[in-house]
**Q** 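Take this structure, written in structure tokens, and hold onto it; I'll ask about it next.
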Amino acid sequence: MYLNAISIELSLPKENHLVQGGYLGRLIAKPELKFFFIRLIYQYGIDEISGVSIEALAKALGVSKNTFVDGMSLLCRIGFYRKSLSKAISTSGKGRPACVYSPTDKLNEELQREDLECNWKVLIQDLLVDCGDTQEGLRHPLKLANRLLLITFLMHADEFGEVRTLGYAQLYKLTGMSKQQLASQRKNLISLGYINHYQPGTPEITKKRRPQSKSCYFINTSPTKYPPIGTKPARPITLVNQWELNLYMLLQAAADTEITKEDFDGDIILAEHKRVEAQKRFSAIVNLENAWKCSRYFYKNFITKQGFKTLDLQVISYASLMLTKHWDLFSRKNLHYSELTIVPSLEQQVYDYFLREEMVQENFLLTNVQLSAEELAKVISDTLISISFGLAKFVYRELTEFVKHKPTGIICNLTICPMTYFSPTMHMPINVLLAEK
């Protein structure tokens with residue numbers, strides 16, 4: 001029932017929009033009042049609200065007294081509740097009679113629709129339960145507007161945590177946030193780690209060159225942000241050894257494949273020989289025979305500081321998911337990544353994150369290899385999965401053979417932290433966050 005509340009637009013006819021309760025000249029309710037409405041339905045459903053003081057109700061709903069008063073005033077004006085005074089006599093004989101809020105048929109009709117499908121209902125419940133009018137003692141350091149936007153994203157996220165169906169117009173109707181507010185709240189959620197990545201949509205002016213698209217949000221749905229009940233606090237572990245085949249070395253090999261005859265005083269044969277050697281080295285680092293076919297793609301897209309950071313974050317994310325999902329399988333010596341059931345979903349993530357938009361561009365195809373867009377995308381996907389699998393195997397070996405306090409329980413979540421490099425062959429010790437039951 002409360003899931004339907006997330007999708008209900010709180011608005012009034014234009015002639016009635018200048019009302020108390022947060023409209024202030026707008027047709028759509030303020031974000032705080034929309035969150036209050038969702039929390040109210042989650043707590044009380046369609047029951048009558050009576051017999052409790054305003055202060056107690058506000059505290060139970062995790063909002064301030066003013067937000068409660070403004071919110072109920074708004075809901076009464078919309079026609080979702082009827083307000084009346086209680087006939088019960090106060091035990092002290094003093095003070096005004098308490099208010100009674102009765103849900104209307106209009107609200108019942110909206111809420112009794114068939115429940116919308118949602119992949120992340122448990123996470124939404126976590127955000128609704130863990131809330132208060134102050135931040136003290138909360139698991140999630142989020143204000144009401146933060147929570148509303150995150151809940152809205154989770155409501156519309158697919159099984160991979162990706163949101164591709166919400167444009168600004170719909171977000172405004174669902175949250176009441178202006179473009180400036182939306183940008184600010186999105187920035188906060190990214191900085192707090194609740195959104196992994198944001199990809200702006202394609203604007204109208206580029207419609208002739210690329211298909212128009214809505215913005216895409218990649219939501220962090222890992223147990224790091226929503227640890228299961230009964231999970232021990234995650235403990236940090238510092239690995240002992242260096243990852244021999246790291247991303248810095250990979251990109252250096254990709255850069256070496258860009259050798260031209262001018263680099264060798266016009267010696268075409270020597271330049272070609274060096275290029276082939278670099279391509280073989282690239283494939284060896286990835287441990288994938290045909291990986292060299294996408295070395296130029298890696299050079300073009302990840303050689304910059306920002307590009308390298310993007311690649312690093314995605315590879316450690318995929319490796320972390322492999323270990324969390326299939327920890328026991330990594331004890332097998334001859335394990336291949338194709339045997340992991342999580343790989344198809346990771347391949348879809350690679351396509352969505354790196355390839356969906358690029359495949360429609362004319363410069364996506366590489367002139368040095370004769371591959372179609374689909375074939376090149378498959379090589380790129382296999383390469384990224386293979387790199388991630390290599391990192392996952394390295395981390396497993398380190399945790400089971402070299403660290404002092406080895407894992408002993410059931411792995412609930414394993415997160416590899418981003419790496420810091422000194423040089424192509426040296427990086428700071430890798431840190432891992434491990435949560436066990």
**Q** Considering all heavy atoms of both residues, which atom of Cys118 and which atom of Ile124 are nearest to each other, and what is their separation?
**A**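 Cys118 and Ile124 have their closest heavy atoms at SG-CD1, 3.7 Å.
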
**Q** Just wondering, are more than 12 heavy atoms of other shown residues or ligands nearer than 6.0 Å to CG in Asn287?
**A**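 At most 12 heavy atoms, drawn from other residues, nucleotides or ligands, come within 6.0 Å of this atom.
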
**Q** Are there more than 12 heavy atoms of other residues, nucleotides or ligands under 6.0 Å from atom NE2 of His336?
**A** yes

**Q** When you look at CD of Glu401, are more than 12 heavy atoms from neighbouring residues, nucleotides or ligands closer to it than 6.0 Å?
**A**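 Enclosed: over 12 neighbouring heavy atoms sit under 6.0 Å from CD of Glu401.
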
**Q** In the structure I gave you, are the side-chain heavy atoms of Leu239 and Leu399 within less than 4.5 Å of one another anywhere?
**A**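 Result yes, sub-4.5 Å side-chain heavy-atom pair found.
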
**Q** For the residue pair Tyr81 and Tyr101, categorise the inter-ring angle as parallel (less than 30°), tilted (30 to 60°) or perpendicular (more than 60°).
**A**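 Because their plane-to-plane angle is over 60°, the rings of Tyr81 and Tyr101 count as perpendicular.
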
**Q** According to the interplanar angle, ranging from 0 to 90°, do the rings of Phe302 and Phe298 count as parallel (below 30°), tilted (30 to 60°) or perpendicular (above 60°)?
**A**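 The rings of Phe302 and Phe298 stand perpendicular, inter-plane angle above 60°.
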
**Q** Using 4.0 Å as the upper bound for N to carboxylate O, is an ion pair formed by Asp256 and Lys274?
**A** no

**Q** I'd like to know if Glu272 and Arg275 make a salt bridge, using a cut-off of under 4.0 Å between side-chain N and carboxylate O.
**A**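 A salt bridge is present here (some side-chain N lies under 4.0 Å from a carboxylate O).
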
**Q** Is it true that atom NZ of Lys309 has more than 12 heavy atoms of other residues, nucleotides or ligands lying nearer than 6.0 Å?
**A** no

**Q** Checking Arg397 against Phe402: charged group under 6.0 Å from the ring centre and within 45 degrees of the axis?
**A**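 No, a cation-pi geometry is absent between Arg397 and Phe402.
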
**Q** Does the cation-pi check pass for Lys393 over Phe330, that is, NZ or CZ under 6.0 Å from the six-membered ring centre and within 45° of its axis?
**A** no

**Q** For Glu55, does the CD atom have more than 12 heavy-atom neighbours from other residues, nucleotides or ligands under 6.0 Å away?
**A** yes

**Q** Please report the closest heavy-atom contact between Cys216 and Arg164, naming both atoms and the distance.
**A**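 For Cys216 versus Arg164, the nearest heavy atoms are SG-CZ, 3.4 Å.
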
**Q** Which residues pass the side chain to side chain donor-acceptor pair (under 3.5 Å) test with Gln170, sequence neighbours left out?
**A** none

**Q** Tell me which donor-acceptor pairs under 3.5 Å the side chains of residues 32-43 have, and how far apart each pair is, sequence neighbours excluded?
**A**
from  : atom 1 : to     : atom 2 : distance (Å)
Lys34 : NZ     : Ile6   : O      : 3.0
Lys34 : NZ     : Ile8   : O      : 2.9
Lys34 : NZ     : Leu174 : O      : 2.8
Arg39 : NE     : Leu128 : O      : 2.8
Arg39 : NH1    : Gln43  : OE1    : 2.9
Arg39 : NH2    : Ala60  : O      : 3.3

**Q** Below 4.5 Å, heavy atoms only, C-beta onward: do Asp382 and Ser386 meet side chain to side chain?
**A**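 Sidechains of Ser386 and Asp382: no contact.
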
